[in-house]
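Hydrogens, waters and symmetry mates play no part in the numbers below; they use all other heavy atoms, side chains included. In the text below, chain A, chain B and the rest are named by the order of the sequence lines, each starting its count at 1. Note that this is a predicted model, so its numbers are computed, not measured.
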Protein chains: 2
Amino acid sequence: MDGTESAEQAIELLQQLGLKEYEACCFVGLTRLDTGTAKRLSEITEVPRTRVYDAIRMLEAQGLVEIQHSSPQRFRAVPLGEATETLRDQYEERVERLSQSLEDVEAVGEGDESPVQQVWAMAGRDAIENRTNQLLGQADDEIVFVVGDGSLLTEELIDSLNAVPSDIELLVGALTEPLEAEIRRGVPEATTFVSGLEWLHGERATEEATAIGRLLLVDRSTILVSSIVPESKEEQAIFGEGFGNGLVVIARRLMAQGLLGTRDPAQ
Amino acid sequence: MDGTESAEQAIELLQQLGLKEYEACCFVGLTRLDTGTAKRLSEITEVPRTRVYDAIRMLEAQGLVEIQHSSPQRFRAVPLGEATETLRDQYEERVERLSQSLEDVEAVGEGDESPVQQVWAMAGRDAIENRTNQLLGQADDEIVFVVGDGSLLTEELIDSLNAVPSDIELLVGALTEPLEAEIRRGVPEATTFVSGLEWLHGERATEEATAIGRLLLVDRSTILVSSIVPESKEEQAIFGEGFGNGLVVIARRLMAQGLLGTRDPAQ
DNA sequence: GGTTTTGTGATTAATCGAGTTACCGTGCCC
DNA sequence: GGGCACGGTAACTCGATTAATCACAAAACC
């Protein structure tokens, strides 16, 4: 612990960004110290003094702290703006290289053939949002979109909706009246409506309620339905495409797969 | 191994981005398979079949693969563009939250007082570049900048140089003639020159050559000198500010710290 | 000169991930 | 029906990191 409440959050995040525990502790320790020695750092943070040196060295190599080679040596954190920018750069570089590598690798013989009727499950707020944008962009005739939770109505989503060509019919619904108003404001082009999907929303049998996230139907041939699991706030979705049998099949599968009931939060 | 050469590179990168080995293997396995079962995947990749399921679940939770809940269940990777976008989003979100947390935490009593004459060491290409931009932006009178290696002349750097107000004297040097030409093209406003720093560049005594990276002197009061270690390609720098004794002191320190000789590559 | 700091290295303990095996349910072929 | 390959889950072993201590040499301080 670092004393302050949100310091621990910072440590947590730094670890998610790839730092070790000691490294993360030392870094936030330094941001609240401006400049300090190993001893001072080990007092503030719960990092044993003898391990501070290693941690700092690692941090320096990643461009997050500077070292003054005096005796005793002093450390200081790079200014916040520079630090975040550096982290961003590193990541951006990696993603870029990854993208390159993956392009050079596609295809190894045949993939399995698969039945016509496909239903895929996916999870993760960002991923589902990206898929949503993707689908919005490739619509030909008609889009039906229902937003079940205000938190899903992001900037990016509104942009995507506004980017829909005007010759495509755009129907956007919301589960509540105020949400609908918000949508009408953000996407004036769209025909908005309220709900019509309470049957999806309400609790089913005795199981606890599962909040409906979004429902997207493109050209009556591709559908994406998501729900938000109550506690973990994680969004999960099912996604179907390319079949002539219409919605009913999907809806049935939806039920069958328990998407509307409970499902163990992904690990 | 995955057969293909650059597949391993992708795996490497994915691990750096936070995935476990199995997860990384499964993901690239899927990108070259379009759609596949656990069995197929375990054949392509060297991941034991029984562990494919866990890996995939993790990947799904992160929004990188989709699962078809049939029997046998099928997996497929999210399209490359969506995947990278999702990774980007996740990271961006974390960095953003980190930034918030760290702002709420600054300052814990006094930092150590430190001597007037400060020399700080830092490392990492991105970090040094950021610091360079930072310094360029806060110059008042004069900027002297020497580029020792063409790879350092990035887009971003050129932008920063061009953003320097015209009432600030801007001197930009290069170690070679062609490099100077490139700079003159990219930054027409600047007064360019060649080298003048061979004494820094050449090998010293019998030690192997250390390539000079960049040298930046702002308002004659702040200096940043970097070198690029031959093998690891890592850039390391020293950075000094706020003293009236001019360059000489720094230069001497420079030598004393062996920046121009060899130094063990950070870990 | 003696004592406290400072820094490095080695050592132990705990954690986590890689790799393996055992086991249950389901369909399929004999 | 009995066996058998396949699909899926869950346990366990082993090895590599990492967190946490300890021992010790070199400086710095009084």
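The listed nucleotides are C:dT6, C:dT8, D:dG8; the one nearest the side chain of B:R49 is D:dG8. Closest to the A:A38 side chain, of the nucleotides D:dG8, C:dT20, C:dG7, is C:dG7. Each of D:dG8, D:dG7, C:dT6 was ranked by its minimum atom distance to the side chain of B:Q73; first place goes to D:dG8. The B:Y53 side chain lies nearest to D:dG7 when the options are C:dT6, D:dG7, C:dA22.
A residue-by-residue look at A:P72 and B:S71 shows that B:S71 has its nearest nucleotide of DNA chain D further toward the 5' end.
Atom CE in B:M58 sits about 12 Å away from atom P in C:dC16, given to the nearest Å. The CG-P distance, from B:D54 to D:dG8, rounds to 13 Å in whole Å. Rounded to an integer number of Å, the gap from CZ of A:F75 to C1' of C:dT6 is 10 Å. C:dT6 atom C1' lies 14 Å from atom CG of A:L41, rounded to whole Å. As rounded to whole Å, 12 Å separates atom P of C:dT8 from atom CD1 of A:I56. Put simply, CZ on B:R74 is 10 Å from P on D:dG7, counting in whole angstrom units. The nearest whole Å value for the distance from the NE2 atom in B:H69 to the P atom in D:dG8 is 11 Å. The NZ-P distance, from A:K39 to D:dC29, rounds to 14 Å in whole Å.
A salt bridge links A:R76 to B:E241: at least one charged side-chain nitrogen sits closer than 4.0 Å to a carboxylate oxygen. Using a cut-off of 4.0 Å between Lys/Arg side-chain N and Asp/Glu carboxylate O, A:R57 and A:E60 are scored as not salt-bridged.
Within the 3.5 Å criterion, the main-chain N or O of B:P79 finds no donor-acceptor partner in the side chain of B:E82. Within the 3.5 Å criterion, the main-chain N or O of A:I128 finds a donor-acceptor partner in the side chain of A:T132. At least one donor-acceptor pair under 3.5 Å links the side chain of A:S226 to the backbone N or O of A:R214.
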Distances under 3.5 Å only, N/O to N/O: pair up the protein atoms with those of nucleotides 14-19 of chain D.
from   : atom 1 : to    : atom 2 : distance (Å)
D:dT18 : OP1    : A:K20 : NZ     : 2.5
D:dA19 : OP1    : A:E21 : N      : 3.1

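Considering only side-chain N and O atoms, B:R57 lies nowhere under 4.0 angstrom from the phosphate OP1 or OP2 of D:dG8.
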Audit row: A:E92, B:R88, salt bridge (charged side-chain N to carboxylate O under 4.0 Å, His left out) steps and yes/no: CA-CA 7 Å; A:E92 201 57 45; B:R88 237 183 287 269; 2.2 Å; yes

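Side-chain N/O atoms of B:T50 and base N/O atoms of C:dT21 include a donor-acceptor pair closer than 3.5 Å.
With a 4.5 Å cut-off on side-chain heavy atoms, B:V28 and A:V105 do not count as touching.
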